[in-house]
**Student:** 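Quick one: this structure, given as structure tokens, is what I'll be asking you about.
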Amino acid sequence: MQALYAQLLVGLINGSFYALLSLGLAVIFGMLNIINFAHGALYMMGAFVAYFLLSLGGISYWWALLIAPIIVGIFGMILERTMLQWLTGLDHLYGLLLTFGIALIVQGVFQNYFGSSGLPYAIPDQLRGGMNLGFMFLPVYRGWVVIFSLIVCIATWFLIEKTRLGAYLRAATENPTLVRAFGVNVPRMITLTYGLGVGLAALAGVLSAPINQVRPLMGADLIIVVFAVVVIGGMGSIMGSIITGFALGVIEGLTKYFYPEASNTVVFVLMVLVLLVKPTGLTGRAA
Amino acid sequence: MTTLTDDTLPTTPRAMRDEMIAFAVMALLLASVPFTGVYPYFVMQALCFALLACAFNLLIGYGGLLSFGHAMFLGTAGYCSAHALKVWALPPELGILVGIAGAFVLSIITGYISIRRQGIYFSMITLALSQLLYFIYLQAPFTHGEDGIQGIPQGHMFGLFDLSQPTVLYYVILVGFLAGFLLIFRIINSPFGEVLKAIRENEPRAISLGYRTDQYKFLAFVLSGTLAGFAGALKVFVAQNASLTDVHWSMSGEVVLMTLVGGLGTIFGPVVGAFVIIAMQQYLAGFGQWVTVIQGSIFVICVLTFRRGVVGEVAHYFRRSL
């Protein structure tokens, strides 16, 4: 039973990363109509920025949680201003190809300087140790990751679905020309949205640094699973990607307990099954 | 949505003649390789990738479908052929057929699943499916996991041609490549190819004209996947192994890069692109991971400034269709 709970917890943690990443992808896709292939590379950058902040500047994990997403977010906004914005109106496959190229560059540069092995990042003092819940032992940091990312996900959902800014955003997704006619600076909003989505990826990177070490390719393998999550969820709604992300993490954890051989493939198998029954994904709108 | 090639010229007799001349030049150049000092294994490898890129281009350049998982056909055919040659000890021609059959079955299954979604979703589904296969091949006993299937016997093609002779092998690979290329050429210039182009330009209009576009796209997918499998089966004889690198998604990315560099939707573009990229990997190997950075930069530059690719730009400049 202990092992089952442990795998469930691992599943929940992976689910947190899936949710944060697919949420960012959904936000970016909504405004820019681009599947951001660079998302994994930017997630990795988030972890590296946290590592540099600590090792070079002595800046703690807590500040890194705030600063790393801002730095990577600004980097993302520069990418959007200098490259992505030139793709508006083109076939969307060019967005995929461009962000794929960006991902290769970023990962290649980091691999050159840091090899492929991992750099350690210590768990902050306040989150060390664990709690005995009676039925299992819960490492505090892991519990923190799950709760914190849930809070961030819900906050993002609230921002987009319930606030005025979010209303502009959703309106601009539907009809940018009309929203621009109302005096909203749509290009700036697109840039900020990209920054927000990228920032979410970087935040996930900081959260994962103490658990998974900091590696140049940490995002490359994860991003494909996240794409599968996105296909299953359908990217129709913000809430959809959050719930699908967590749910698939848990399912993956359960598979690891009951049938470990399939744990790497279960998300992809689920994707195939979902597509056979419902080609638009679970919460999907027509592409 | 803007189209991939904004200046596709209609197939006129002149365009046909240009393409035939270009084909003859290409065939002559390739046939003369053993008489020059060029390293034949490099050209053979490039030819396999060129065929793969041409097959891939059939799908994206003429059907508008960006598959990001074409490595799965290359790798699957490679494993099937390698297994048939090594374990079943089949002769080369049957080994190739087994590989093609493997890719054919796989493309029917994956095509059925993926063709129902459009645009980016289609790309992501093909990517995820190829990753699913990657993990299966990683664990399946017959692929020997990380080691791959090694030491594959080359044997005698039709009992006549000794494939362990580099020159004989070269011409067999060349004939395979040219046959595949001509088949793709024929498909593109057939009524079927015209319908595919119509779907790429404006799918709702094609539907309103009464075409069952899903069936056309499915057929294009199966043709493309099977031909990619042919490339994978040929590659087994050149590399004498079948390994996980051929199934990994970064291989799919390289195929996209080759096609993009050469020119999406041009007939000769993927061939040029494959030679450029393979040559680059060969001669820049000393730079280690910088090769990845250079490849990424080429992606970015191509998308931002050079969307027609090498052949596309040349063809546009001379107002020809190539």
Side-chain angles (χ1 to χ4, degrees), chain A residues 29 33-35 37 41 82-83 86-87 89-113 115-116 216 220-221 223-225 227-232 234-235 261-269 271-272 275-276 279-281 284 286-287, chain B residues 1-4 60 64-66 68-69 109-110 112-125 127-136 138-139 200 248-250 252-254 256-257 259-260 264 287-305 307:
Chain A
F29 182 69
N33 214 0
I34 281 176
I35 285 282
F37 216 115
T82 52
M83 298 182 195
W86 301 109
L87 299 182
L90 286 177
D91 196 296
H92 44 219
L93 70 91
Y94 289 114
L96 185 103
L97 297 179
L98 182 67
T99 49
F100 180 62
I102 294 172
L104 286 184
I105 297 175
V106 172
Q107 275 161 7
V109 167
F110 276 87
Q111 263 186 298
N112 262 308
Y113 290 110
S116 289
D221 300 323
I223 191 68
I224 296 175
V225 183
F227 280 168
V229 171
V230 166
V231 171
I232 296 171
M235 224 151 50
E261 290 82 3
S263 60
N264 279 327
T265 51
V266 65
V267 173
F268 301 113
V269 173
M271 180 196 76
V272 171
L275 285 176
L276 288 177
T280 47
Chain B
M1 241 358 102
T2 51
T3 53
L4 297 172
I60 185 176
L65 292 163
L66 172 61
F68 222 101
I109 299 168
T110 50
Y112 179 74
I113 295 164
S114 58
I115 213 77
R116 303 200 274 172
R117 297 302 306 274
Q118 292 172 341
I120 319 180
Y121 281 98
F122 173 80
S123 309
M124 285 163 46
I125 292 164
L127 174 60
L129 284 172
S130 81
Q131 196 65 0
L132 169 67
L133 273 173
Y134 176 83
F135 282 119
I136 291 175
L138 183 65
Q139 291 171 353
R200 179 193 71 192
H248 196 252
W249 63 268
S250 53
S252 301
E254 273 178 31
V256 183
L257 182 61
T259 315
L260 188 66
L264 290 174
F287 289 95
Q289 284 304 325
W290 287 116
V291 176
T292 322
V293 180
I294 295 168
Q295 285 192 345
S297 313
I298 295 178
F299 257 108
V300 169
I301 293 166
C302 276
V303 172
L304 287 178
T305 61
R307 237 163 272 140

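All values derive from a computational prediction rather than experimental measurement. Protein chains get the first letters and strands the later ones, always in sequence-line order, with residue 1 at the start of each.
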**Student:** Atom CD1 in B/Ile294, atom CG in A/Leu104: separation rounded to 0.5 Å?
**Tutor:**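 Interatomic distance, B/Ile294 CD1 to A/Leu104 CG, rounded to 0.5 Å: 12.0 Å.
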**Student:** Between B/Tyr121 (side chain) and A/Gly234 (backbone), is there a donor-acceptor pair under 3.5 Å?
**Tutor:**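 Yes: the side chain of B/Tyr121 pairs with the backbone of A/Gly234.
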**Student:** When rounded to the nearest 0.5 angstrom, what is the spacing between CD in B/Gln295 and CZ in A/Phe100?
**Tutor:**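 If we round to the nearest 0.5 Å, B/Gln295:CD and A/Phe100:CZ are 8.0 Å apart.
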**Student:** So which of A/Val231, A/Val269, A/Val225, A/Ile102 has the biggest tally of heavy-atom pairs under 4.5 Å with chain B?
**Tutor:** A/Val231
**Student:** What part of A/Ala103 gets within 4.5 angstrom of chain B, counting heavy atoms only: side chain, backbone, both, or neither?
**Tutor:** neither
**Student:** Taking all atoms of both residues into account, what is the closest heavy-atom pair of B/Trp249 and A/Asp221, and its distance?
**Tutor:** NE1-OD1, 4.4 Å
**Student:** So, for A/Gly108 and B/Gln289, which heavy atoms are closest and what is the spacing to 0.1 Å?
**Tutor:** O-CB, 4.1 Å
**Student:** Could you tell me which of A/Asn264, A/Val230, A/Leu98, A/Asn112 has the largest number of non-hydrogen atom pairs under 4.5 Å with chain B?
**Tutor:** A/Asn112
**Student:** Check whether any side-chain heavy atom of B/Ile60 sits under 4.5 Å from a side-chain heavy atom of A/Leu93, and report yes or no.
**Tutor:**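 Touching, per the 4.5 Å side-chain cut-off.
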**Student:** With rounding to the nearest 0.5 angstrom, report the CD1 to CE distance, A/Ile35 to B/Met124.
**Tutor:**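 So the CD1 of A/Ile35 and the CE of B/Met124 are separated by 4.0 Å.
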**Student:** Is a side-chain N or O of B/Gln139 found less than 3.5 angstrom from the main chain of A/Glu261, in a donor-acceptor match?
**Tutor:** yes
**Student:** Considering only heavy atoms, which portion of A/Val106 lies under 4.5 Å from any heavy atom of chain B: side chain, backbone, both, or neither?
**Tutor:** neither
**Student:** Which value, rounded to the nearest 0.5 Å, describes the distance between A/Leu87 atom CG and B/Arg307 atom CZ?
**Tutor:** 6.5 Å
**Student:** Looking at every heavy atom in both B/Val300 and A/Met83, which two are closest together, and how far apart are they?
**Tutor:**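 Reported closest heavy-atom pair: CG1-SD, 3.8 Å.
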**Student:** Could you check whether B/Phe68 and A/Phe227 have their ring centres less than 6.0 Å apart?
**Tutor:** no
**Student:** side-chain contact (heavy atoms from CB on, under 4.5 Å), that's the test. Do A/Leu276 and B/Tyr112 meet it? Break it down for me.
**Tutor:** CA-CA 9 Å; A/Leu276 288 177; B/Tyr112 179 74; 3.7 Å; yes
**Student:** Does the side chain of B/Leu127 come within less than 4.5 Å of A/Phe37's, by heavy atoms?
**Tutor:**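 Yes; the side chains approach each other to less than 4.5 Å.
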**Student:** Can you tell me which of B/Cys302, B/Ser297, B/Ser250 forms the most heavy-atom pairs within a distance under 4.5 Å of chain A?
**Tutor:**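 Heavy-atom pair counts peak at B/Ser297.
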**Student:** Could you grab the distance from atom CZ of B/Phe299 to atom OG1 of A/Thr99, nearest 0.5 Å is fine?
**Tutor:**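 One gets 10.0 Å once the value is rounded to the nearest 0.5 Å.
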**Student:** Quick one: what part of A/Tyr113 sits under 4.5 Å from any heavy atom of chain B, side chain, backbone, both or neither?
**Tutor:**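 Side chain only.
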**Student:** When you compare the side chain of B/Leu133 with that of A/Phe268, does any pair of heavy atoms fall below 4.5 Å?
**Tutor:**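 Side chain of A/Phe268 against side chain of B/Leu133, heavy atoms only: no contact under 4.5 Å found.
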**Student:** Specify which of A/Leu275, A/Ile224, A/Val272 makes the most heavy-atom pairs with chain B at under 4.5 Å.
**Tutor:**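 Most heavy-atom pairs under 4.5 Å with chain B: A/Ile224.
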**Student:** Is chain A contacted by the side chain of B/Leu304, its backbone, both, or neither, given a heavy-atom distance below 4.5 Å?
**Tutor:**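 When you check distances to chain A, only side chain atoms of B/Leu304 fall under 4.5 Å.
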**Student:** Distance from B/Leu66 atom CG to A/Tyr94 atom OH, nearest 0.5 Å?
**Tutor:** 10.0 Å
